[in-house]
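Here it is: the structure, laid out below.
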Amino acid sequence: MTRFAPSPSGHLHVGGARTALFCWAFAKGKGGTFVLRIEDTDQKRSSDAASIGFVKDLLWLGIDWDEGPIYEGCGGGDRGPYFQAQRLDIYRKYFDALLASGKAYYAFETTEELTALRDAAKAQNQPFRYTGDAARALSADKVAEFLKAGRPAVIRFHTPPNPITIRDEILGEAIIPAGETDDFVICKADGFPTYHFAVVVDDELMGVTHVLRAQEHFNNTAKHIVLQDALGFRRPVYGHLPLIFNPDGSKMSKRDKDKVLRKAIAERGITSPPPHTVDPALFAVWIKDKNVQLEIASATALASALGVVLPEINVDDFRRSGYLPEVICNFLSLNGWSPGGDLEKFDTEFLKSHFDLQRVVKTPAKFDRSKLLAFNLHALQVMPREEFVKKVAIHGRTFHPDFMARVTETQFRSLCDASQERSKTLDDLFRTNGFITIADDLLEWDAKAVKKVLQGTSPNGRDHLTAISKILAQCDDWSVQGLESAMKPYLETAAGGNLGTIAQPLRVALCGGTVSPPIFDTLAILGKASSIKRIDRCVAAHE
RNA sequence: GGGCCCAUCGUCUAGCCUGGUCCAGGACACCUCCCUUUCAAGGAGGACACAUGGGUUCGAAUCCCAUUGGGCUCACCA
């Protein structure tokens, strides 16, 4: 039995996804149970249904849970509720037990007092440890009196003065010296348990046998162990997964998007937001305070106005960018685990049956998007054509409805035929074929391209276009093959068989620039009327 | 700063536990060339790593120690 226990969030980031994937694979591969539990013990974070929007990302990746919040056929189970905020009465029982046995005590220091102590310790480069002598010296009557008077109080655990040995299936054994773990808070002033306490109680009560989580939690394990001992709980097996970083070694963060935007804005010396992107007042606040984050929608709008690409951080970002869920899972697995040998392409079924803790790597991984892209390209290339068409269509309807509305079914199909082998993502087709959705008489031509391929000494590109227009007008078989044979005679006589000579002028006339699918595909996609109209208009515009 | 952890190509990693078959294998990226109808894709080559210093041993990427470097953590956040 493993569990994935995130705090509520609308989005699942790749690190969390990897943790969830490993927990899931480990449990499923061993015939165990995978539990999803929401760690919403921080009242500052909202924990309504919308706040666990990340569950849709989990399901998109193919990660389903046996027990947990009920959603689309997943979840349920009789060891709930699976939201910690709904388990307060359960925790209360254990607080009382600890209090009664003297293993925990009330403390009344204010946040300000603690901060002052912490700052003082830091000023002397000393670690701060809460000793609790003063609080424990309080008589029972005094404590009762304070509580009655409504003084804010937390409950702290009295950590025994012994070294703590952490056994970890991935990292091995570590001994945390005595005194390193101080008397930490287990119940906040608002009555909510802290993370450490809730985790320990819930893992016990939910029957969690294996805890796989990110390495940043490693030190916390000491706290969890002393609590388990005090409460008489069994100890689950621990495995701490290596962290995933950005290529530059920085921590992958939601703020990375804002960082990119701020940088672009600073570079261009922009002082007010481009129209229809961000509210000017919000923009002013955002640009001043690096801790303020823009909403996804505003950030996306601003990015496209600035022409910058936001880094993908969340699973949903990768979906939007056109990555396949199975590729994400495959690639994520490779960050921190490998099946050994030279094998690196595998599906989740394989992961499920082969994942083991012994092969988890100890070192942090930098997330390499270009390798991910290469994996995605490969998956797209080996995909049957029908499947590709279907997936691109779904992606299009979800993320590019305008584009989909403007192309006919035939056009779309041709576009897929021409694009599959060159698509790195499901999104490529939409980003590189904008010329299709522009009205024939609104197409603009790239000045540089015009100069390069249309103008010059005769016969230049424009001359070719004039001739080609007439030939195409006679062409009845408007298929790739038909077009090719229709153009063949002209190609031989006027261009010496060098297709580039006429393909490039055609590209500019049809698409406005020098990049498009293969030229006969492009003609076929646009259709006869549109193609000829564009060619003639281009010829006329460049006298 | 204290504590803990980690250390193989630019990156993800195999090999390490059970020293020799490793002058270190794969993948991505990179470079060169080929193909070519633009962009891609594809094909063929190439360059690139055992952090350093000591041990142990006939022999070390593999075992031990030190140094250096990196990470995590030190909340009434999780």
Side-chain angles (χ1 to χ4, degrees), chain A residues 5-9 39-45 84 107 109-111 114-115 118 121-122 124-130 152-156 166 168 171-172 174-177 179-182 184-190 192-196 198-199 213-222 240 242-243 245 247 249 251 331 334-345 358-359 361-375 377 381 419-424 428 432 449 453 498-504 506-508 511 513-522:
Chain A
S7 53
S9 161
E39 313 241 311
D40 54 350
T41 54
D42 184 0
Q43 287 199 78
K44 289 187 212 78
R45 308 187 192 196
Q84 291 182 328
E109 289 85 356
T110 62
T111 309
L114 291 170
T115 307
R118 230 172 250 125
K122 198 163 185 190
Q124 294 174 56
N125 246 325
Q126 292 294 312
F128 170 71
R129 294 284 178 273
Y130 181 90
V154 298
I155 301 174
R156 283 180 183 268
I166 302 173
D168 185 286
L171 296 173
I175 297 168
I176 309 297
E180 220 10 72
T181 304
D182 66 1
F184 56 97
V185 174
I186 54 176
C187 179
K188 308 179 205 177
D190 62 9
F192 275 62
T194 56
Y195 157 76
H196 305 296
V199 159
R213 50 164 46 154
Q215 244 170 53
E216 61 195 6
H217 287 294
F218 187 79
N219 296 274
N220 292 334
T221 310
H240 286 91
L243 268 14
F245 290 125
K251 218 171 175 175
F331 185 71
L334 252 21
N335 279 248
W337 182 79
S338 91
D342 294 340
L343 180 69
E344 51 175 16
K345 298 248 170 68
Q358 286 72 39
R359 296 201 60 84
V361 161
K362 300 179 184 183
T363 52
K366 288 173 188 159
F367 194 79
D368 182 3
R369 286 189 182 75
S370 61
K371 184 158 179 172
L372 206 213
L373 212 48
F375 270 47
L377 168 75
Q381 282 175 333
S419 301
Q420 183 171 8
E421 65 171 22
R422 67 204 328 91
S423 289
K424 292 190 174 181
D428 283 9
T432 56
V453 305
N498 182 1
L499 186 51
T501 310
I502 59 169
Q504 287 306 79
L506 263 174
R507 265 200 183 89
V508 174
C511 313
T514 53
V515 178
S516 88
I519 198 63
F520 296 116
D521 286 285
T522 306

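Below, each value reflects all heavy atoms present in this structure, side chains not excepted, and no hydrogens, waters or symmetry copies. Proteins come first, then strands; the chains are lettered A, B, ... in the order of their sequence lines, and each starts at number 1.
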For A:Ala5, check side-chain contact (heavy atoms from CB on, under 4.5 Å) against everything at least two apart and list the hits.
A:Arg3, A:Arg37, A:Glu39
If the C1' atom of B:rA14 is compared with that of B:rG53, how far apart are they to the nearest Å?
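So the two C1' atoms sit 27 Å from each other.
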When A:Leu334 and A:Thr110 are each assigned the nearest nucleotide of RNA chain B, the 5'-most assignment goes to A:Leu334
Between A:Tyr130 and A:Glu109, do the side chains contain an N or O donor and an N or O acceptor separated by less than 3.5 Å?
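A:Glu109 and A:Tyr130 do have a side-chain donor-acceptor pair below 3.5 Å.
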Between B:rU13 and B:rU32, how many Å separate the two P atoms, rounded to a whole number?
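About 29 Å, rounded to a whole number of Å.
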With a 4.0 Å cut-off on heavy atoms, is A:Pro364 in touch with a base, just the backbone sugar-phosphate, or nothing at all?
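Answer is sugar-phosphate: A:Pro364 comes under 4.0 Å of backbone atoms only.
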Not counting sequence neighbours, which residues clear side-chain contact (heavy atoms from CB on, under 4.5 Å) with A:Leu373? List them please.
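In terms of side-chain contact (heavy atoms from CB on, under 4.5 Å), with neighbours along the sequence ignored, A:Leu373 is linked to A:Tyr323, A:Lys424, A:Thr425.
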Suppose you measure atom C1' in B:rG25 against the same atom in B:rC16; what distance do you get, rounded to whole Å?
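Looking at atom C1' only, B:rG25 and B:rC16 are 14 Å apart.
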Within the 3.5 Å criterion, strictly below it, is a donor on A:Gln43 or A:Asp190 matched to an acceptor on the partner's side chain?
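Per modelled atom types, A:Gln43 and A:Asp190 side chains form a pair under 3.5 Å.
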Can you tell me the Watson-Crick or wobble partner of B:rC77, both distances under 3.5 angstrom?
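The base-pairing partner of B:rC77, which may sit in any strand shown, does not exist here.
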Applying a 4.0 Å non-hydrogen cut-off, can you work out what A:Asn220 is touching in the nucleic acid: base, sugar-phosphate, or nothing?
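Base contact.
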Would you classify A:Arg156 as touching base, sugar-phosphate or nothing, given that sugar-phosphate means primed atoms plus P, OP1 and OP2, and contacts are heavy atoms under 4.0 Å?
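It contacts sugar-phosphate atoms only.
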When rounded to the nearest 0.5 angstrom, what distance separates OG1 in A:Thr115 from NZ in A:Lys122?
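Here the interatomic distance stands at 12.0 Å.
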Mind checking which nucleotides bracket the chain A contacts on RNA chain B, 5' to 3', with an atom under 4.0 Å from a heavy atom?
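Counting from the 5' end, contacts occupy B:rG1 to B:rA78.
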Mind checking if A:Glu180 touches a base, just sugar-phosphate, or nothing, with heavy atoms under 4.0 Å?
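A:Glu180: base contact, heavy atoms under 4.0 Å.
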For B:rA24 and B:rC48, measure between their C1' atoms and round to the nearest Å.
13 Å
Base, sugar-phosphate, or nothing: which does A:Gly336 touch, judged by heavy atoms less than 4.0 Å apart?
sugar-phosphate
With a 4.0 Å cut-off on heavy atoms, is A:Gln84 in touch with a base, just the backbone sugar-phosphate, or nothing at all?
nothing
Using atom C1' of each nucleotide, how far apart are B:rA47 and B:rG10 to the nearest Å?
12 Å
Test side-chain contact (heavy atoms from CB on, under 4.5 Å) on A:Phe218 and A:Asp168 and set out the steps.
CA-CA 9 Å; A:Phe218 187 79; A:Asp168 185 286; 4.0 Å; yes
Quick one, A:Glu344 and A:Phe375 - any side-chain contact, counting heavy atoms below 4.5 Å?
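Side chain of A:Glu344 against side chain of A:Phe375, heavy atoms only: contact under 4.5 Å found.
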Please give the nucleotide sitting opposite B:rC63 as a Watson-Crick or G-U wobble pair, both distances under 3.5 Å, or none.
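Base partner found: B:rG55.
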Determine the Euclidean distance between corresponding P atoms of B:rA78 and B:rG19; express it in Å to zero decimal places.
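It works out to 47 Å between them.
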By the 4.0 Å heavy-atom rule, please label A:Phe520 as base, sugar-phosphate, or nothing.
base
P atom, B:rC28 versus B:rU38: distance in rounded Å?
24 Å
Categorize A:Ile519 for me: base, sugar-phosphate, or nothing, with a 4.0 angstrom heavy-atom threshold over every strand shown.
base
Could you tell me whether A:Glu216 contacts a base, only the sugar-phosphate backbone, or nothing, with contacts defined as non-hydrogen atoms closer than 4.0 Å?
sugar-phosphate
So A:Gln358, base contact, sugar-phosphate only, or nothing? Heavy-atom distance under 4.0 Å.
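Here A:Gln358 touches no strand at all.
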So what's B:rU32 paired with, Watson-Crick or G-U wobble, going by both distances under 3.5 Å?
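In the structure as shown, B:rU32 has B:rA44 as its Watson-Crick or wobble partner.
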So what does A:Thr514 hit on the nucleic acid, given a heavy-atom distance under 4.0 Å: a base, only sugar-phosphate, or nothing?
base
Using a 4.0 Å heavy-atom cut-off, does A:Val154 contact any base of the nucleic acid, only the sugar-phosphate backbone, or nothing at all?
base
Look at all strands and tell whether A:Arg359 reaches a base, only sugar-phosphate, or nothing, counting heavy atoms closer than 4.0 Å.
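Result for A:Arg359 = sugar-phosphate.
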What distance, rounded to whole Å, do you find between the two P atoms, one in B:rC31 and one in B:rA41?
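It works out to 12 Å between them.
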Does a donor on one side chain sit under 3.5 Å from an acceptor on the other, for A:Thr221 and A:Arg213?
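Looking only at side-chain atoms, A:Arg213 and A:Thr221 do form a donor-acceptor pair, the distance falling under 3.5 Å.
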I'd like to check A:Thr514 versus A:Gln504 (side-chain heavy atoms, cut-off strictly below 4.5 Å). Are they in contact?
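In short, these two side chains touch, coming nearer than 4.5 Å.
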How is A:Ala189 classified with respect to the nucleic acid when contacts are heavy atoms under 4.0 Å: base, sugar-phosphate, or nothing?
base
If you assign each of A:Ser423 and A:Thr363 to its closest nucleotide in RNA chain B, which residue comes earlier from the 5' end?
A:Thr363
